[in-house]
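Because the structure is predicted, anything quoted here is derived from the model rather than measured. Because only heavy atoms are used, hydrogens play no part in the values below, and waters and symmetry mates are left out as well, while side chains stay in. Numbers restart at 1 for each chain; the letters A, B, ... are given by sequence-line order, proteins then strands.
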Amino acid sequence: MYKIVKKKELTPDIIQYLVEAPLIAKKAKAGQFVVIRVNENGERVPLTISSYQHDKGIISLVAMRVGKSTALLSELEEGDSILDVVGPLGNPSEIENFGRVICVGGGVGVAVVLPIAVELKKAGNYVISIMGAKTEKVLILEKEMKEASDELYICTDDGSRGYHGFVSGFLEEYLSRHLANRENKKHGIDRVVAIGPALMMAAVARVTEQYRIKTIVSLNSIMVDGTGMCGACRVEVGGKTKFVCVDGPEFDAHEVNFDLLVSRQKIYCDQESACYDLYKKDCKCKK
Amino acid sequence: MSGKTDKGAKKEKKDRTPMPEQEPAERINNFKEVALGYTEEDALREASRCLQCKNPKCIKGCPVEINIKEFIRLISGKKFGEALAVIRERNSLPAICGRVCPQEDQCEKECILGLKDRPVAIGRLERYVADRELKRLADIGKECVYLDGNYKCSGEKVAIIGSGPAGLTCASELAKMGYQVTLFEALHKPGGVLVYGIPEFRLPKDIVRKEIEYLKSMDVDLRVNMVMGKILTIRELFDQGYKAVFIATGAGLPHFMNIPGENLNGVYSANEYLTRSNLMKAYEFPKSDTPIVKGKRVAVIGGGNVAMDSARTARRLGAEHVYLIYRRSEKEMPARNEEIEHARQEGIEFMLLTNPARISGKDGWVNSIRLQKMELREPDSSGRRRPVPVEGSGFDLDVDVVIVAVGQGPNPLLTATIKELGLDGRGLIKADPETGKTTVRGVFAGGDIVTGAATVILAMGAGRKAARAIDEFIKTGKW
Ligand SMILES: Cc1cc2nc3c(=O)[nH]c(=O)nc-3n(C[C@H](O)[C@H](O)[C@H](O)COP(=O)(O)OP(=O)(O)OC[C@H]3O[C@@H](n4cnc5c(N)ncnc54)[C@H](O)[C@@H]3O)c2cc1C
Ligand SMILES: Cc1cc2nc3c(=O)[nH]c(=O)nc-3n(C[C@H](O)[C@H](O)[C@H](O)COP(=O)(O)OP(=O)(O)OC[C@H]3O[C@@H](n4cnc5c(N)ncnc54)[C@H](O)[C@@H]3O)c2cc1C
Ligand code: SF4
Ligand code: SF4
Ligand code: FES
């Protein structure tokens, strides 16, 4: 059992949980994830380790309520426990001093890109962050992102704050402005890390491909075990089948077959929504 | 059986006692066990067939050399408890082996009766005595043979990685010797293939659970959710004071065929399909939260137990047609005879000498599979006749789910974290078959991670041998 020591609503739908998991906290690195199971009948759900406190034995998870499992999780209160938490899974992010790096986060993806931005900054990079959300009210972890970045830009789909539009749109403008202005190659962009919904990552990949900037994305395929045992999480990268849980979760964005990712994410849509509706009928949660 | 009474008492006495089973029409609608188990009368009758041979060949056929002749003699004398004790000397999981051993290739293959008639149903008898004990315990309100009082292990610490049959057996043997055993398991439930792979209708999970309760009563420290290599490395285990490590991580990495269309929605590895259904109880969805695609027309590729289990699971999930596609003929099928027979009774449609060439789909979902007829040529390195495609024999089959059950390999997650560990070309750990010793001092390995996908009883045998070797290593310090 893994106790929730603190729970915080970042938005009505995105909730941060500080969870006691001493062994995982000790080993966790940026980019890795855990698989949780809320209760005995529960699904195994992958969630990124958004931050970790090695000494306190605590990891932070940020989960968006999208279906039954994340709703069940959101019903747990401080002091309650999650039945199973297993990790750290997946490969850690590649952290080096690359030079100038852009970190792009969309929606709950901001929570996933945050630990990577933190580590990149520690490694000496100049970190430019772009974070986006549907509207100002649902922007998350702004303060934390600001601390981790040398420059921070905010985008909202409805224009209620910052750039009016998608993060990929802002990125495109930023790159064209920035790269056109510069006389010498010194201030190029050495790497982009983009994490968010699959369609956002695909859009970012299309932008950076034009500029030939190495771009890393973290793929959120459907998973079961998270240890390479089932193949549920398979994606196509560079024309080859890869397992996100053991070969990833991060891959070279320009090699990823995003259409396949998007399509495979929809396998259980109908079943999941039926399950969620059934649950909502007699559930205490607000929705 | 009763229909044959007119054939005379002598003949009847010779016939192998059939296993009471759920009717096919009924069982395809549930996940309850198919084989119901012998009654006492059945068991006595079957035991009476045994000739009590001077030179009992059956024993040689059993990989762990259970004294079969003796336990059958004890059954005949209604000494069921003693019969179980004889089995337990060699096999700590009889309720499981009695159900899933490929007896026809092992003990029963050697039984002398098999020459003229059908061999003694050794597996069914083994299951009977084990089940009888479980029932006796249940009647007095116990789950398993809890060791009474406070069983405490105070010996040296030993770590076991993986809780399949190899790990479970090694753990119980070492605990009996007084070692402090920690059993690390990656999944949230212990049991390995016994819980995530083999379906409920063939091996009720309650039986596995009881075996695990027994281990716990022996003071074995069971730690689930521990993906070793990630959360702890083998080096760290030694640093924490463990004197030896037994690796029993199985062969859980699913193979695909590398044909076009394999990543379409609706295409599963057998591992995923069975894990969803067994471990995650997807057959109870939405009561359980894990979904599974319930096809109407399902193709299963392969001819082993894994393929049979997948096909029979698909049937129970409501498929109208389940095609079992295997590239050789039935004779070469590696599945247990009983499984093949049960699959046929349940209406699984066998398409033998057939192989998939590609999978096609619409809007991301599989809708048909292109198949090819095969013919068998001269034997290949495995000794089985090699299938080759018959030219121009391609045809399409409409399906909405495809399950790939063409074998599994070793998972490199753990082995990749210890560079000194010797592996073979396939990634299996090199270990001495008698002791389980690997190329790293203090590290032993056994079960599917050493042999490649094999059987429950072989994995258990490896666990037993390793336990003895670990004991010797810790006592003598000799490697
Ligand atoms: C490596 C990895 C890291 C992730 N990190 C985070 C995170 O930090 N925060 C966060 O909010 N989400 C994260 N996700 C996504 C998260 O796992 C899913 O949102 C969650 O499983 C949905 O479960 P549900 O039952 O609430 O919704 P469901 O009703 O199951 O599904 C709603 C939709 O979510 C998607 N989904 C369902 N199951 C999964 C699954 N097992 N994996 C991925 N997507 C799924 C499907 O598109 C589905 O239509 C991550 C996914 C992966 C693979
Ligand atoms: C569907 C199916 C049906 C079968 N039917 C039969 C049958 O009828 N009869 C028969 O005799 N055999 C059968 N087999 C084969 C038999 O189940 C295996 O040979 C046997 O289970 C191997 O035992 P094992 O202990 O080596 O490994 P497994 O049973 O595979 O157990 C390995 C365990 O190690 C865990 N693990 C893996 N990596 C790690 C890690 N890094 N850290 C911690 N834990 C880890 C796994 O999660 C798993 O629980 C079948 C196999 C399958 C898949
Ligand atoms: S363990 Fe298996 S092989 Fe040995 S006697 Fe029992 S059923 Fe036969
Ligand atoms: S070989 Fe067959 S008949 Fe002979 S002792 Fe063994 S089980 Fe009995
Ligand atoms: S989640 Fe099962 S292999 Fe990746």
Side-chain angles (χ1 to χ4, degrees), chain A residues 2 21 23-24 26-27 32 34-45 67-69 72 83-90 222 224-236 240-241 243 245-246 257 259-260 262-272 274-279, chain B residues 185-189 196-197 223-233 236 249-256 258 262-276 279-282 284-294 361 363-365 404 408-409 411-414 416:
Chain A
Y2 301 79
L23 284 174
I24 300 174
K26 216 160 105 194
K27 284 285 163 117
Q32 290 188 299
V34 293
V35 168
I36 68 156
R37 218 164 60 107
V38 176
N39 62 27
E40 200 44 56
N41 280 326
E43 252 181 309
R44 293 175 63 100
V45 177
K68 178 170 173 188
S69 303
L72 275 175
L83 182 60
D84 298 299
V85 179
V86 53
L89 300 171
I222 290 176
V224 184
D225 59 301
T227 67
M229 184 267 264
C230 75
C233 61
R234 59 199 194 278
V235 289
E236 224 174 79
K240 293 207 179 72
T241 295
F243 289 5
C245 67
V246 287
N257 179 342
D259 292 341
L260 183 71
V262 170
S263 166
R264 286 189 62 84
Q265 280 178 342
K266 291 191 191 131
I267 299 179
Y268 303 105
C269 267
D270 296 351
Q271 289 185 57
E272 297 280 20
C275 182
Y276 195 20
D277 290 344
L278 208 69
Y279 162 79
Chain B
E185 169 56 46
L187 292 170
H188 57 261
K189 226 185 235 167
Y196 80 72
R223 299 176 63 189
V224 294
N225 293 326
M226 296 290 281
V227 180
M228 301 303 277
K230 288 282 180 191
I231 188 83
L232 284 172
T233 63
E236 287 168 318
T249 49
L253 191 79
H255 288 164
F256 284 91
N258 297 317
E262 237 171 341
N263 292 333
L264 283 164
N265 292 352
V267 182
Y268 282 106
S269 75
N271 267 7
E272 180 185 354
Y273 193 76
L274 292 172
T275 300
R276 282 182 181 273
L279 181 71
M280 306 309 297
K281 301 266 174 284
E284 292 182 345
F285 183 88
K287 209 182 111 202
S288 69
D289 295 343
T290 304
I292 194 164
V293 179
K294 297 181 181 179
D363 304 329
W365 285 84
V404 182
Q408 291 113 258
N411 190 327
L413 202 73
L414 174 67

Quiz item: Using a cut-off of under 4.5 Å for heavy-atom pairs, which of Asn225(B), Asn271(B), Ile292(B), Thr275(B) has the most such pairs with chain A?
Solution: Asn225(B)

Self-check item: Contact summary for Thr227(A) and Cys245(A), nearest pair of heavy atoms
Solution: N-SG, 3.7 Å

Practice problem: Taking salt bridge (charged side-chain N to carboxylate O under 4.0 Å, His left out) as the test, write out the residues that go with Lys230(B), two or more places apart. | Solution: none

Quiz item: Who are the ring pair (Phe, Tyr, Trp, His ring centres under 6.0 Å) partners of Phe285(B), not counting sequence neighbours?
Solution: none

Practice problem: Could you check which of Glu43(A), Lys27(A), Met229(A) has the highest count of heavy-atom pairs closer than 4.5 Å to chain B? | Solution: Met229(A)

Quiz prompt | Pick from Leu253(B), Leu413(B), Ile231(B) with the largest number of heavy-atom pairs that fall under 4.5 Å of chain A | solution = Ile231(B)

Practice problem: Against chain A, work out which of Gly364(B), Ala186(B), Ser269(B), Pro254(B) has the most heavy-atom pairs shorter than 4.5 Å and name it. | Solution: Pro254(B)

Quiz item: When you measure from the side chain of Ser288(B) to the backbone N and O of Asn41(A), does any donor-acceptor pair fall under 3.5 Å?
Solution: no

Exercise. Would you give the length of the straight line joining atom CD1 of Ile222(A) to atom NZ of Lys266(A), rounded to the nearest 0.5 angstrom?
Key: 11.0 Å

Quiz item: What part of Glu284(B) gets closer than 4.5 Å to chain A, counting heavy atoms only: side chain, backbone, both or neither?
Solution: neither

Practice problem: Flag the one option from Val267(B), Asp363(B), Val404(B) with the top tally of heavy-atom pairs under 4.5 Å to chain A. | Solution: Val267(B)

Exercise. Look up atom NZ in Lys281(B) and atom CD in Glu40(A), then write down how far apart they are to the nearest 0.5 Å.
Key: 9.5 Å

Practice problem: Counting only heavy atoms closer than 4.5 Å, note whether Leu260(A) contacts chain B via side chain, backbone, both or neither. | Solution: side chain

Quiz item: Mind checking whether Val224(B) and Leu187(B) have side chains closer than 4.5 Å, heavy atoms only?
Solution: no

Practice problem: Heavy-atom distances under 4.5 Å only: say whether Ile36(A) touches chain B with side chain, backbone, both or neither. | Solution: neither

Quiz item: Quick check: does any side chain N or O of Arg264(A) sit under 3.5 Å from a backbone N or O of Asn263(B), one acting as donor and the other as acceptor?
Solution: yes

Self-check item: Top contributor to chain A contacts, counting heavy-atom pairs under 4.5 Å, from Gly250(B), Gly229(B), Gly266(B), Pro286(B)
Solution: Pro286(B)

Quiz prompt | Contact origin within Leu274(B) toward chain A - heavy atom pairs under 4.5 Å | solution = neither

Self-check item: Segment of Val85(A) engaging chain B (4.5 angstrom heavy-atom cut-off)
Solution: backbone

Quiz item: Relative to chain B, which of Lys68(A), Arg44(A), Glu272(A), Glu236(A) shows the most heavy atom pairs under 4.5 Å?
Solution: Arg44(A)

